[in-house]
Amino acid sequence: MNIAAWIDDINKITLEGMKDYDLISPSLSIFISNQFMPIKDVVKVGEDQLFVYLVDNISLIQEAFVAIQNKKYPIFPRNIVRTTWFENKYTASETTLGPLYKKDGTAFTLWAPTASNIEIIMEGERRLMRRNDKGVWDIWLPGDLHGNIYQFAVTIAGKERIINDPYARGLTANSNASVVVDMAKTDPVHFREITYPKITKDKAIIYEVHVRDLSMCSESGIKNKGKFLSFTERHSRNAEGYSTGLAYLKELGITHLQLLPIMDFARVDETEPEKDYNWGI
């Protein structure tokens, strides 16, 4: 039998591929961390599914498997992640996720409650991360890691995948890998000293703009076309003398500027940004 087993609720396991299973003479056992879990009921659904209801709730932290006819099959989380119980149990709203850089070391924190193993990969080496009871994985690595490239090796449902940090502060071109960034080094001179007028929400005038489209016109008079740096050019004008870019935005009298999607876009190679076009950047 080609059997797949899934945790779909706090005391419910769904077994698929059970077409030939006989409910009359069952030989089915559930184990979590090698401890036998008492079964409350077994219900056959359709031709090849079984719902197995346990007496006690299931732990996602420990390894689970089902034993059928002297064979073991791993049990992995599935629809349990859509339950209110899961949301309450594994909330990490008070945890700061992502890399927390300091000159003497960086703490890496990742929320992945359904993962059975996570390792951080940096400079060709793997280091095992630890998990807490909220499904948050973390590790602290010593040294000044500004500019270091890293990824995570995450094992979910028995399969390992190499992924970028979803909470990364920086990425290499085309998001090939995550990068540790000392965010203080990205601040322009006197950036933290700048003040701005306080505007109440009812007085806000918001303007949306694409980073690329604001300055890409060949006649915009802007030097850093399609770049964030175009927002630093305060007095640009086109050949006819009309203001462009930041100067134009200032004349509009807006109070707030919203940058529309500024992350990666499909079909645009960041190493050759002029080769292709996408509406956002």
Grab the two heavy atoms, one from A173 and one from T271, that are nearest each other, plus how far apart they are.
CB-CG2, 3.9 Å
Counting C-beta onward and ignoring hydrogens, is there a side-chain heavy-atom pair between D269 and N174 closer than 4.5 Å?
yes
Taking transitive links into account, so neighbours of neighbours count too, which hydrophobic residues share a cluster with W6 at under 4.5 Å side-chain distance?
F76
For the residue pair I80 and T83, what are the closest heavy atoms and their distance?
O-OG1, 2.7 Å
Is there a side-chain contact between W111 and T95 in this structure, where contact means two heavy atoms from C-beta onward sitting under 4.5 Å apart?
no
A247: side chain to side chain contact (heavy atoms under 4.5 Å, CB included) partners, not counting sequence neighbours:
S243
Look only at the side chain of W137 and the backbone of N132, and say whether a donor-acceptor pair between them is shorter than 3.5 Å.
no
Side chains of I13 and D8 in contact at under 4.5 Å (non-hydrogen atoms):
no
Decide whether L246 and I254 are clustered together by the hydrophobic rule: side chain heavy atoms of Ile, Leu, Val, Met, Phe, Trp, Tyr closer than 4.5 Å, transitively.
no
Flag for N238-E219: side-chain donor and acceptor within less than 3.5 Å:
no
Applying a strict under-4.5 Å side-chain criterion to I, L, V, M, F, W and Y, I'd like to know whether L252 and V211 cluster together.
yes
Only pairs under 3.5 Å count here: list side-chain donor-acceptor contacts from residues 220-229, not counting sequence neighbours, and write none if there are none.
residue, atom, partner, partner atom, Å
S220, OG, S215, O, 3.4
S220, OG, C217, O, 3.0
S220, OG, I222, N, 3.2
N224, ND2, E233, OE2, 2.8
K225, NZ, I222, O, 2.6

Set of side chain to side chain donor-acceptor pair (under 3.5 Å) partners for N176, sequence neighbours left out:
none
Ignoring hydrogens, what is the shortest heavy-atom contact between I162 and E160? Give both atom names and the distance.
CD1-OE1, 4.1 Å
With D187 via side chain to side chain donor-acceptor pair (under 3.5 Å) - residues at least two apart:
R192
Sub-4.5 Å side-chain heavy-atom contact between F86 and L60
yes
In terms of hydrophobic clusters joined by side-chain contacts under 4.5 Å, are M183 and L259 together?
no
Check whether R169 reaches the backbone of Y167 with its side chain - one donor and one acceptor, N or O, closer than 3.5 Å.
yes
Output yes when E125 and R127 qualify as a salt bridge under the 4.0 Å nitrogen-oxygen rule, no when they do not.
yes
Transitive ILVMFWY side-chain link F65 to I39, under 4.5 Å
no
I'd like a table of donor-acceptor pairs (distance under 3.5 Å, sequence neighbours excluded) in which one partner is a side-chain atom from residues 45-58, with atom names and distances.
residue, atom, partner, partner atom, Å
Q49, NE2, E16, OE2, 3.4

Side chain to side chain donor-acceptor pair (under 3.5 Å) with R130: which residues, sequence neighbours excluded?
D138
Which residues, ordered by chain and number, are linked to M216 in its hydrophobic cluster, where ILVMFWY side chains connect at heavy-atom gaps below 4.5 Å, directly or through other members?
none
Provide the closest heavy-atom pair for Y101 versus L145 in the form atom of the first, atom of the second, distance.
CE1-N, 4.1 Å
Just jot down the ring-ring contact (aromatic ring centres under 6.0 Å, His included) partners of Y150, sequence neighbours excluded, or say none.
F108, F152
Do side-chain atoms of H256 reach the backbone of A204 as a donor and acceptor pair under 3.5 angstrom?
no
Could you check whether K71 makes a cation-pi contact with Y73, meaning its NZ or CZ is under 6.0 Å from the centre of the six-membered ring and within 45° of the ring axis?
no
Is there a path of hydrophobic side-chain contacts, each under 4.5 Å between heavy atoms of I, L, V, M, F, W or Y residues, that connects L171 with L110?
no
Residues in side chain to side chain contact (heavy atoms under 4.5 Å, CB included) contact with V179, at least two apart in sequence or another chain
I149, T172, V181
Does I7 offer a backbone N or O that forms a donor-acceptor pair with the side chain of K12 under 3.5 Å?
no
The side chain to side chain donor-acceptor pair (under 3.5 Å) partners of Q258 (sequence neighbours excluded) come to none
Kindly give the heavy-atom pair with the smallest separation between D104 and W140, and that separation in Å.
O-CZ2, 3.5 Å
Please give me the minimum heavy-atom distance between D165 and G98, naming the atom from each residue.
OD2-CA, 4.1 Å
Side-chain heavy atoms of T106 within contact of L141, under 4.5 Å:
no
Acceptor/donor pairs from residues 112-121 side chains to any protein atom, 3.5 angstrom cut, sequence neighbours excluded:
residue, atom, partner, partner atom, Å
S116, OG, T155, O, 3.4
E119, OE1, R126, NH1, 2.9

